[in-house]
Amino acid sequence: MSTAGEVPAFFKSIGSDSPARPRQKFCGMFCPVEGSADSKTLDFDALQAGKERSDGRVIDRQTDISQPRKVEIRESTGKEYLQNLDDKKSDRLLIKGGKIVNDDQSFCADIYMEDGVIKQIGENLIVPGGVKTIDAHGRMLMPGGIDVHTRFQMPDRGMVSADDFYQGTKAALAGGTTMIIDHVLPEPGVSLLSAFEQWREWADSKSCCDYSLHVDITEWHKGIQEDMETLVKDHGVNSFLVYLAYKDVFQLSDSQVYEVFSVIRDLGAIAQVHAENGDIVAEEQQKILEQGITGPEGHVLSRPEEVEAEAVNRSVTVANQTNCPLYVTKVMSKSAADVIAQARKKGTVVYGEPITASLGTDGSHYWSKNWAKAAAYVTSPPLSPDPTTPDYLNSLLSCGDLQVTGSAHCPFNTAQRAVGKDDFSLIPEGVNGTEERMSIIWDKCVVTGKMDENQFVSVTSTNAAKIFNMYPRKGRIAVGSDADLVLWDPDVTKIISAKSHNSTVEYNIFEGTEVRGGPLVVISQGKIVLEEGNLHTIEGSGRFVARKPFPDYVYKRIKARSRLAELRGVPRGLYDGPVCEVSVTPKTMTPASSAKNSPAKQPNQPVRNLHQSGFSLSGAQMDDNIPRRNTQRTLAPPGGRANITSLG
Amino acid sequence: MAERRGNWDKAEDDLPVYLARPGTADQVPRQKYGGLFCNVEGAFESKTIDFDALSVGQRGSRTPRTARRETGQEARSPDSDRKISPVEESPAASKQGGKHSPRVEFSTSGSKEVLQNLGDEKSERLLVKGGRIVNDDQSFHADIYMEDGVIKQIGDNLIVPGGVKTVEANGKMVIPGGIDIHTHFQMPYRGTTTVDDFAQGSKAALAGGTTMIVDHVIPDPGCSLMEAYDQWRQWADEKSCCDYSLHVDITHWNDSVKQEVESLIKEKGVNSFQVYMAYKDYYQMSNSELYDIFSFLAERGGIAEVHAENGEIIAEEQARMLQMGITGPEGHVLSRPEELEAEAVFRAITIASQTNCPLYVTRVMSKSAADIISQARKRGNVVFGEPITASLGTDGTHYWSKNWAKAASFVTSPPLSPDPTTPDYLNTMLSSGDLSVTGSAHCTFSVAQKAIGKDDFTQIPEGVNGVEERMSLIWDKAVTTGKMDENMFVAVTSTNAAKILNLYPRKGRIAVGSDADLVIWDTDSIRTITAKTHNSAAEYNIFEGMELRGAPQAVICQGKIVVEDGTLHVVSGVGRFIPCSAFPDFAYKRIKARKQLAVLRAVPRGMYDGPVSEFSMSRGGTPSASARTSPTKQPSRNLHHSGFSLAGPTIPDDIPIRPAGRRIVVPPGGRSNITSLS
């Protein structure tokens with residue numbers, strides 16, 4: 001490569017130093033993701049002037065912001081309050097001199113937003129007077145984080161998790177997360193719709209940032225299927241969680257999971273799964289309680305990571321069979337992450353969500369002598385006692401084997417945890433993490449060089465928006481996107497502590513962890529909600545973000561596969577050889593195979609019993625009208641054996 | 001072994017000291033222990049060959065023998081050194097020898113005896129001369145003398161009584177008779193029975209070089225295991241032509257089954273029990289039941305065998321196929337994709353690992369299932385995989401045959417994989433030791449019986465042939481292709497099975513004191529498999545037209561010649577039941593070591609005396625209780641409604657460990673120290 005003559009011709013024109021040569025924008029070696037520049041106002045040619053690559057990697061620029069600089073917020077003309085409440089003009093905001101970091105590229109430009117929407121991106125923007133201006137001084141400006149998994153205000157046996165929607169979203173905003181997706185957890189027996197309405201009511205009245213809702217399927221019958229349809233079609237829900245754990249409470253059987261996944265695929269939604277083998281967990285819990293282990297260490301001992309990996313493997317199998325996209329919540333262990341990575345390599349459409357806790361700490365604290373501290377770490381699947389787990393998960397997140405991050409923020413205070421003081425299986429489950437999520441990932445992945453800032457944006461925001469069909473409204477800084485932005489300071493260091501955090505609980509599982517990188521300014525819905533450590537949140541300002549089914553990011557592949565997956569029978573002549581007569585089996589087996597009535601099946605086509613169907617023991621069968629099942633004896637024809645049975 | 005060493009002659013001087021002169025062609029003594037190719041520890045136990053005498057000046061001291069074994073003084077004849085002279089040391093040589101075709105000669109030395117020597121006291125004596133004995137650890141040349149169905153002497157120039165029938169092996173391999181660890185002879189199926197009964201089936205086994213079979217007892221769900229066991233014993237005792245043993249399938253699970261399992265292990269000589277993860281609503285066990293069964297077997301020293309397929313998803317897929325109008329045998333394989341097999345294997349391994357129970361996966365039919373087993377072994381799980389003749393020899397493309405009867409004859413579960421590279425892959429895994437044993441899962445039905453499912457593939461009785469073809473097929477696919485050597489061949493066809501069943505070294509080894517079950521193996525014979533000539537009663541052979549190299553030339557079972565040059569001399573009913581004892585070392589040494597390590601301890605903490613929230617019991621944690629009654633558990637609870645008012649207030653009553661929420665008021669002295677920030 002020393003002389004240009006050795007380089008193949010098609011390389012010569014790309015990215016050479018000569019400014020005179022026009023740069024290739026598309027189909028080159030470094031071309032951006034297709035369509036990624038669609039909604040941008042940037043004039044790339046003008047900006048780059050031949051010195052930067054078209055992929056916009058400007059990491060080297062970070063060096064010149066090594067000295068901490070204050071962010072200046074100027075108000076250009078008229079006097080306005082910081083948050084500009086009730087002032088029509090005040091919804092206008094200009095950020096100057098920031099480095100915009102999207103998941104595909106970084107570039108320097110100003111951003112002008114109005115009414116909570118980004119209106120212009122570029123240099124020398126023409127903006128109206130009276131605009132508040134933030135000078136970013138070259139710092140990174142990213143799409144606000146999306147926490148895909150929270151459980152604020154979650155009811156559990158008459159208690160409610162310590163952070164409600166106000167407290168929780170406040171903590172989220174303080175950490176640079178501008179949107180959360182909470183889980184609606186209907187108690188079995190309660191309709192999905194009424195639970196959904198309940199959660200909407202709670203969140204609408206309290207949430208300080210935009211939110212959306214996943215709905216958990218905690219039982220399975222016809223009504224649930226109808227509710228799911230309504231939720232997808234009319235209520236903007238496109239993701240449902242099933243539980244493979246919590247035996248006798250939320251757990252669904254494999255057949256039910258199969259049916260739920262089939263329904264989800266037909267609706268164009270995402271199947272989420274809490275992956276742990278609840279049967280084994282129940283057995284292990286009992287065994288460990290019998291051994292006299294009642295403290296929080298019993299929680300992790302009774303839920304070994306193998307059990308998590310097994311359930312992940314099983315749900316991947318069911319998802320493959322049903323051609324349904326799968327999303328594994330709370331990836332807590334190396335082996336579970338490995339199973340997901342392997343499945344992706346085999347082509348399965350599966351996404352893995354490690355959470356702040358699994359990325360930031362490990363399960364050795366379950367053995368803490370301090371009961372309250374140990375109990376604060378209780379979540380399911382548990383944190384792995386293997387101290388190398390966080391590093392491993394961070395690596396998989398960096399290489400793309402895991403795609404999104406949540407926090408599974410569901411803290412309980414010590415008095416609530418103490419419900420299980422004599423029995424670990426009663427300890428309410430959930431850890432904090434919504435506030436720490438962005439900083440922990442920055443510290444563990446970007447600072448260590450595992451990922452760059454663009455990848456950081458994908459795993460904290462963009463991928464979530466794509467999977468749940470909110471892209472490019474969320475998860476991207478582009479004209480027309482929501483004005484949810486974070487001005488990120490990579491140099492700030494902070495020690496996480498329960499004393500200073502925004503959650504209401506007494507313990508923080510990351511207590512004492514020093515993290516590098518944090519939000520300097522957070523803008524949600526076009527308003528500044530955090531600047532220099534001061535939060536300006538308004539209870540109830542969060543809007544519900546409705547999500548449409550069939551997200552492209554997920555369903556393009558699923559659709560292509562379902563076209564391919566047509567199966568055909570082999571055309572054969574009728575068998576007319578001898579048929580052995582079968583006696584009626586003496587035992588009475590239940591002909592309806594699924595224990596619960598399965599809504600996915602047509603009423604006249606019950607699940608066929610493997611061994612019994614077609615026999616008379618239960619009298620007239622529902623499928624008697626299908627002639628092909630009757631066992632008839634056909635005598636061998638006089639001319640000898642029929643040709644279809646001949647050898648060959 | 002001898003072959004390998006032969007190559008080193010010329011490079012001898014270049015080799016390190018410890019490798020120098022192993023097995024050279026001249027009379028240099030061979031190194032027996034501690035070398036690069038040293039044998040498995042204890043592999044020389046129960047052999048009469050006196051290595052001290054053989055290896056002059058070497059450090060190979062005699063290993064202690066098991067007390068009950070006869071040491072066979074006669075074997076140590078003074079000039080037994082001669083036996084290490086290289087008779088045939090390379091495959092090329094042996095092949096050449098094959099071309100000259102030294103026939104196996106049978107001769108009776110003194111008095112005239114009938115071939116099988118029935119009822120003749122003297123005639124139970126048999127001498128096999130000039131064979132190359134192949135065990136799983138080594139091959140060597142020696143003569144074998146057997147009497148009363150037991151090997152009495154091994155060595156050169158044996159001193160044998162007069163009137164002994166002699167078989168001249170002419171340098172051919174003498175291997176331990178095969179053990180087919182998985183058969184279903186005479187299996188009842190909805191009022192009909194598989195076409196091969198114990199007589200027919202064991203005859204086919206002997207014809208193929210298998211001298212012992214292990215059949216599965218399948219009690220109908222709800223029926224007594226013990227009764228089923230007795231029934232199978234009766235059928236087999238009446239008819240079997242070779243020794244046999246039994247696995248018992250656990251098709252339902254409750255306290256009485258548990259007791260029966262215990263007495264089967266203790267009194268009836270059964271140490272392996274199969275559970276089904278498929279056949280929903282029939283044989284299928286839930287995860288909790290599997291956990292219970294595995295825990296129980298681990299305690300009692302049994303081997304947990306598993307039929308691994310996810311029955312729930314299969315049921316769903318079957319319904320889908322039938323709805324789509326696919327009713328032919330191709331629906332069978334379409335509704336049972338190999339992923340479901342791999343998933344179930346994974347789950348079974350997880351449960352076995354949790355319960356610290358040795359696991360045996362029957363019928364490994366697909367690459368992905370084999371991969372899972374191989375990965376689990378690499379992680380240290382005690383798991384054995386059993387590919388069967390069918391999965392090693394053919395693939396599932398035949399399900400799409402236009403000939404319904406042919407397609408139906410391939411129906412078995414898990415199905416043969418439609419991926420044509422599967423047999424090669426499984427043979428490789430078998431050769432590398434990732435899969436341990438081979439069975440046949442021989443379970444044949446006639447076309448008329450298969451036709452029960454002519455309009456619905458779910459009704460087709462499942463099972464393929466393979467007991468007769470097993471040995472030849474593995475030889476052809478694995479040994480002639482160079483994937484494994486003859487010692488590994490012996491290991492996977494016989495020795496490993498004997499070890500798992502705890503019958504080693506009585507079976508699976510040629511050694512003094514072992515049963516006289518031998519096969520003189522002809523590596524050069526080529527035959528074409530066809531239903532016209534096979535010994536099974538079925539009309540189809542799934543290996544039809546396959547040309548296989550390697551076949552038994554003579555088979556000796558219980559010290560009697562039952563096959564010679566293709567002629568069968570079998571007697572129905574001579575087969576003995578061989579009881580297997582619990583805690584086979586092969587599996588349980590590791591299990592026991594792990595059990596000692598796995599003690600869990602609680603963290604000692606003070607009493608929590610801080611405030612406790614009030615809570616309702618409506619959403620109980622997850623204590624116990626499986627859907628179907630499990631013997632160790634309280635009566636079952638409804639999966640979905642337990643704990644809620646519609647099911648009544650049943651839950652907290654019987655679970656004392658969960659008291660209703662009690663409020664403990666904050667003590668006046670403030671918070672207790674155990675809750676303070678540490």
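A, B, ... follow the sequence lines: proteins, then strands. Residue 1 opens every chain.
For the atom pair B/Glu343 CD and A/Asp254 CG, the distance stands at 6.5 Å (nearest 0.5 Å). Within the model, atoms CD1 of A/Ile280 and CD of B/Gln354 stand 6.0 Å from one another, a figure rounded to the nearest 0.5 Å. Taking CD of A/Gln342 as the start and OG of B/Ser368 as the end, the distance is 11.5 Å to the nearest 0.5 Å. Note that the OG1 atom of A/Thr317 and the CG atom of B/Asn310 stand 7.5 Å from one another [nearest 0.5 Å]. B/Tyr291 OH to A/Glu283 CD: the interatomic distance, rounded to the nearest 0.5 Å, is 6.0 Å. The CD atom of B/Glu316 sits 10.0 Å away from the OG1 atom of A/Thr322 when rounded to the nearest 0.5 Å.
At a 4.5 Å heavy-atom cutoff, A/Lys346 makes no contact with chain B through either its backbone or its side chain. Within the 4.5 angstrom heavy-atom criterion, no atom of A/Glu429 approaches chain B. Heavy atoms of A/Tyr366 lying under 4.5 Å from chain B belong exclusively to its backbone. For B/Ala407, the part sitting under 4.5 Å from any heavy atom of chain A is the side chain, from C-beta outward, and nothing else. For A/Ala376, no part lies under 4.5 angstrom from a heavy atom of chain B. For A/Pro428, no part sits under 4.5 Å from any heavy atom of chain B, backbone or side chain. With a 4.5 angstrom heavy-atom cutoff, B/Tyr399 touches chain A only via backbone atoms. In this structure, chain A has heavy atoms under 4.5 Å from both the backbone and the side chain of B/Ile351. Contact annotation for A/Ile288: only side-chain heavy atoms (C-beta onward) come within less than 4.5 Å of a heavy atom of chain B.
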Next on the checklist: Is there a side chain to side chain contact (heavy atoms under 4.5 Å, CB included) between B/Tyr608 and A/Arg417? Walk through the geometry before answering.
Outcome noted: CA-CA 11 Å; B/Tyr608 176 87; A/Arg417 302 267 190 198; over 6 Å; no

Next on the checklist: Assess the residue pair B/Ser295 and A/Lys287 against the criterion (side-chain hydrogen bond (donor to acceptor under 3.5 Å, both in side chains)); give the C-alpha distance rounded to whole Å, side-chain angles, the decisive distance to 0.1 Å, and a yes or no.
Outcome noted: CA-CA 11 Å; B/Ser295 311; A/Lys287 191 175 94 185; over 6 Å; no

Checklist entry - Please walk me through it: do A/Tyr258 and B/Glu317 pass side chain to side chain contact (heavy atoms under 4.5 Å, CB included)? => result CA-CA 9 Å; A/Tyr258 183 100; B/Glu317 291 280 327; 2.7 Å; yes

Next on the checklist: Does B/Lys450 form a side chain to side chain contact (heavy atoms under 4.5 Å, CB included) with A/Cys580? I'd like the steps, not just the answer.
Outcome noted: CA-CA 8 Å; B/Lys450 292 269 187 188; A/Cys580 190; over 6 Å; no

Item to check | Residue pair A/Val339, B/Phe346: steps toward the side chain to side chain contact (heavy atoms under 4.5 Å, CB included) verdict | outcome: CA-CA 11 Å; A/Val339 172; B/Phe346 195 104; 4.1 Å; yes

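Using a cut-off of 4.0 Å between Lys/Arg side-chain N and Asp/Glu carboxylate O, B/Arg379 and A/Glu306 are scored as not salt-bridged. The pair B/Arg605-A/Glu297 meets the salt-bridge criterion, with a side-chain N (NZ, NE, NH1 or NH2) lying under 4.0 Å from an Asp/Glu carboxylate O.
Minimum interatomic distance between B/Val603 and A/Ser368 (heavy atoms only, all atoms of both residues): CG1-O, 4.1 Å. Nearest approach of A/Val316 to B/Glu339, heavy atoms of both residues: O-OE2, 4.4 Å. Here the closest heavy-atom approach between residue A/Pro578 and residue B/Ala451 is recorded as O-CB, 3.6 Å.
Per-residue counts of heavy-atom pairs under 4.5 Å with chain A were compared for B/Ile313, B/Leu290, B/Ile349; the largest is that of B/Ile313. Ranked by heavy-atom pairs under 4.5 Å with chain B, the first of A/Ala311, A/Gly298, A/Pro296 is A/Pro296. Chain B forms the most heavy-atom pairs under 4.5 Å with one residue out of A/Val318, A/Asn413, A/Asn320, and that residue is A/Asn320. Note on A/Pro304, A/Gly292, A/Gly295: by heavy-atom pairs under 4.5 Å with chain B, the leading option is A/Pro304.
Not a single donor-acceptor pair under 3.5 Å links the side chain of B/Arg347 to the backbone N or O of A/Asn313.
Inter-residue side-chain proximity for A/Lys369 and B/Pro604 is flagged as met; some heavy-atom pair is nearer than 4.5 Å. Between B/Asp455 and A/Tyr575 there is no side-chain heavy-atom pair separated by less than 4.5 Å. Side-chain contact between A/Gln321 and B/Ser335: absent, with no pair of heavy atoms (C-beta onward) separated by less than 4.5 Å. Between B/Arg320 and A/Ser262 the shortest side-chain heavy-atom distance does not fall below 4.5 Å. In this structure the side chain of A/Arg314 reaches within 4.5 angstrom of the side chain of B/Asn287, judged on heavy atoms. Side-chain contact between A/Asn277 and B/Thr350: absent, with no pair of heavy atoms (C-beta onward) separated by less than 4.5 Å.
Side-chain contact annotation: A/Ser255 with B/Glu312, donor-acceptor N/O pair under 3.5 Å present.
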